[in-house]
Enquirer: 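One structure, pasted below without further comment.
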Amino acid sequence: MILFLVRKTLWAAVTLAVASVLVFAALEIVPGDPAQVMLGINATDEAIAALREDLGLNKPVLERYFSWVFGMLQGDFGKSYTYSVPVNELVADRVTISLPLALLSLLISTAIAIPVGLYAAARRGSLADTGIMALSQVGIAIPNFWFALLLVYFLAIWLQLVPAGGFPGWEAGFFTALKSLLLPAISLALPQAAILSRVTRSALLETLGEDYVRTARAKGLSRRSTIWKHALRNAMIPVLTILGLQFAYLLAGTIIIENVFYLPGLGRLVFQAISLRDLIVVESVVMMLVGTIIVINLLVDLAYLWVDPRLRHRRS
Amino acid sequence: MSAFLKTALRNKSFATGFVITCVVVLMAAISFVWTPYDVTDLDIGSKLKAPGWAHWFGTDHFGRDIFSMIMVGARNSIAVALVAVIIGVGFGVPLGCWAAARGGLLDEALMRGNDVIFAFPALLSAVMITAVFGPGAINAIIAIGIFNIPVFARLARGAALSLWPRDFIMAARAAGKTKTRITIEHIVPNMANLLIVQATIAFALGIIQEAGLAYVGLGTQPPLPSWGKMLNEAQTMMSFAPHMAIIPGLAIVITVLGLNLLGDGLRDVLDPRLTRKRD
């Protein structure tokens, strides 16, 4: 078990290192001088030279890479060129919107998908099962940002039940702030829930076909009890894998959804940075998100240990 | 081929998906030679018209015909998603086969490389590429294509690994064929079914991703219409011209649904064993 832990953590660290090289390299291949690119064609030579000095572009590539990496490890992501403030400060503000949004939609998606998937599996072939599967097929085909537009149209513009966009800030009160994250979270969650419910259903059906389930039933255990006590836990592994992957998509998805609802999160920050050619901000935010995705994948791997005791005893 | 189609069309999923996909492809193909109106024609006099006889799907805020834009947009969606799938298959399948044939350290290294790429959702790659090179449809193709590589590499590796110990491969090895030749002549043809199904699904996903990138301005640039871009423009008009948002979205949903059904149907048709013990 310890070996498994160490190996997985080590691989995650290596993946993180390779990813950081990729992100860093992307900025290195900017055609021409990054300082020139950031300042535009009308910049004076002095301004460019000053920015080059500021960005440390005059130092060798390796030195720059390592100072970037060590900076990040100490929580220093560099300074935004356009805002003239440390990137951490910019990001810290935005994360308080994007992260709760991603978590809320993960919560909604799981809360819908797992019961629905279980229900469909337990009543395989029934009208309910067929209906749920058809509905999820449509759900998978719906782009989340279009679903978001529809929700805005029906719930915010037509029925005026919720705000159409914007974010009052957490200072405005927990529930007021949460309310403005609700529509974005639902629109991110539903298409994911469609996928997750299909995965849950097929994972449970697979385990229901196993010998130990038949044994449990033969011993006289009720159907319900067999599902809850024996099948469910074994069906959780593929579900966990997909959940981990989905969190990555949700995190990236917030970038798009924030645009629909005019939420001042990481997504807005990135797009502003792109249009202002603030490469430092783009680089930092992308690296942060990629890092988060890698860490989540590691956590999912570790969660297998908790769900599946067989893994705990193997090779230890 | 026609015999295959005859059997396949008996599968409901396949038949529905096949018809939808054909309609979309046909629409895109016709748009090259004919559209009801020119998509670059601005007719402010008839702007924001609801769907009707003159304009089947209505017009947008510049008076452009939405039906024509959907036709040309289909062309764009299909092109981006298709090239992205070709990139995924073109790089992923050889890499996966290579990893499976060689095994050992190379296999481990290639698969770890896959993990790294998996940490970059297409959206993040597109953000980086756009920040560096500026926006354009090519970025969307590259970003989605890169993300497709590990998908196909994993699939090909898994399939190849299960094929290598089979008797007919052993026979080929005993006959003195090289690993490369066996891979090309026996391994790849035997995983073709799996690849076709996955390609259909990746194609569908590519269409959603392309729309998302175009929606946030990282994909196809104006004046060429694209479904995602149309949704972006529709956003501020929602309260008085909802058709501008509803129609392009429906186009995406129907196309993706068609491709997914086609993929599901193909899986059943190409692997009859699955049909019997499906679920």
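The figures that follow rest on heavy atoms only: side chains count, while hydrogens, waters and symmetry mates do not. Lettering of chains follows the sequences in order, A, B, ..., and the numbering in each one begins at 1.
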Enquirer: Identify which of A:Val23, A:Ile296, A:Leu22 forms the greatest number of heavy-atom pairs closer than 4.5 Å to chain B.
Expert: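 Of the candidates given, the most pairs with chain B belong to A:Val23.
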Enquirer: Which residue in the set A:Val270, A:Val285, A:Ile255 passes side chain to side chain contact (heavy atoms under 4.5 Å, CB included) when paired with B:Leu124?
Expert: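 With B:Leu124 as partner, side chain to side chain contact (heavy atoms under 4.5 Å, CB included) holds for just one option, A:Ile255.
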Enquirer: Sort by residue number and list every member of residues 243-255 of chain B having a non-hydrogen atom under 4.5 Å from chain A.
Expert: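 So far as heavy atoms go, B:Ala245, B:Ile246, B:Gly249, B:Leu250, B:Ile252, B:Val253 are the residues that approach chain A to under 4.5 Å.
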Enquirer: Look at atom CZ of A:Phe24 and say whether more than 12 heavy atoms of other residues, nucleotides or ligands are closer to it than 6.0 Å.
Expert: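 Counting other residues, nucleotides and ligands, CZ of A:Phe24 exceeds 12 neighbours.
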Enquirer: Any chance you could measure B:Ser239, atom OG, to A:Tyr153, atom OH, to the nearest 0.5 Å?
Expert: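 Rounded to the nearest 0.5 Å, the OG-OH separation comes out at 8.5 Å.
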Enquirer: Could you tell me which portion of B:Leu231 (side chain, backbone, both or neither) has an atom closer than 4.5 angstrom to a non-hydrogen atom of chain A?
Expert: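 Looking at B:Leu231, backbone and side chain both touch chain A.
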Enquirer: So which part of A:Leu16 gets closer than 4.5 Å to some heavy atom of chain B, the side chain, the backbone, both or neither?
Expert: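 Nothing of A:Leu16, per the 4.5 Å heavy-atom cut-off to chain B.
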Enquirer: Below 4.5 Å from any heavy atom of chain A, which atoms of B:Ala119 appear? Answer side chain, backbone, both or neither.
Expert: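 Contact with chain A involves both backbone and side-chain atoms of B:Ala119.
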Enquirer: Quick check on A:Leu127: does its CG atom have over 12 non-hydrogen neighbours (other residues, nucleotides or ligands) under 6.0 Å away?
Expert: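 Not more than 12 within 6.0 Å, no.
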Enquirer: How about CH2 on B:Trp98, more than 12 heavy atoms from neighbouring residues, nucleotides or ligands closer than 6.0 Å, or not?
Expert: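 For B:Trp98, atom CH2 is not crowded (no more than 12 foreign heavy atoms under 6.0 Å).
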Enquirer: Which atoms of A:Tyr249 come close to chain B, meaning under 4.5 Å heavy atom to heavy atom: side chain ones, backbone ones, both, or neither?
Expert: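 It is the side chain, since no backbone atom gets that close.
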Enquirer: Can you tell which part of A:Phe154 gets under 4.5 Å to a heavy atom of chain B, answering side chain, backbone, both or neither?
Expert: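 Neither part; nothing is under 4.5 Å.
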Enquirer: Working to the nearest 0.5 angstrom, can you tell me the gap between B:Phe120 CZ and A:Ile294 CD1?
Expert: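 Between B:Phe120 CZ and A:Ile294 CD1, I get 7.0 Å after rounding to 0.5 Å.
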Enquirer: Report the C-alpha separation of A:Ile157 and B:Met238 in whole Å, then their side-chain angles, then the decisive distance to 0.1 Å, and conclude whether the side-chain contact (heavy atoms from CB on, under 4.5 Å) test is met.
Expert: CA-CA 8 Å; A:Ile157 297 177; B:Met238 279 295 274; 3.8 Å; yes
Enquirer: If you measure from CD1 on B:Ile129 to CD1 on A:Ile274, what distance do you get to the nearest 0.5 Å?
Expert: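 Going from the CD1 atom of B:Ile129 to the CD1 atom of A:Ile274 covers 11.0 Å.
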Enquirer: Short question: side chain of B:Gln235, backbone of A:Val260 - any donor-acceptor pair under 3.5 Å?
Expert: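 Judged by distance alone, yes, a pair lies under 3.5 Å.
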Enquirer: Tell me, which pairs form a side chain to side chain donor-acceptor pair (under 3.5 Å) where one or both residues lie in residues 136-148 of chain A, sequence neighbours left out?
Expert: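 Non-adjacent pairs meeting side chain to side chain donor-acceptor pair (under 3.5 Å): A:Ser136-A:Arg198, A:Gln137-B:Asp264.
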Enquirer: Classify the ring geometry of A:Phe145 against B:Tyr215: parallel below 30°, tilted from 30° to 60°, perpendicular beyond 60°.
Expert: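 Geometry flag for B:Tyr215 against A:Phe145: parallel rings.
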Enquirer: Compare all side-chain heavy atoms of B:Ile208 with those of A:Pro191 and state whether any distance is below 4.5 angstrom.
Expert: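 SC-SC contact between B:Ile208 and A:Pro191 ruled out.
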Enquirer: Can you tell me which portion of B:Thr236 sits under 4.5 Å from chain A's heavy atoms? Options are side chain, backbone, both or neither.
Expert: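 Looking at B:Thr236, just its side chain touches chain A.
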Enquirer: Roughly how far apart are A:Leu149 CG and B:Asn232 CG, rounded to 0.5 Å?
Expert: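 A:Leu149 atom CG to B:Asn232 atom CG measures 9.0 Å (nearest 0.5 Å).
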Enquirer: Quick one: pull up CG in B:Leu213 and CD1 in A:Ile256 and give me the separation to the nearest 0.5 Å.
Expert: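 One gets 6.0 Å once the value is rounded to the nearest 0.5 Å.
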Enquirer: Look up atom CE in B:Met128 and atom CG in A:Leu279, then write down how far apart they are to the nearest 0.5 Å.
Expert: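 Here the interatomic distance stands at 11.0 Å.
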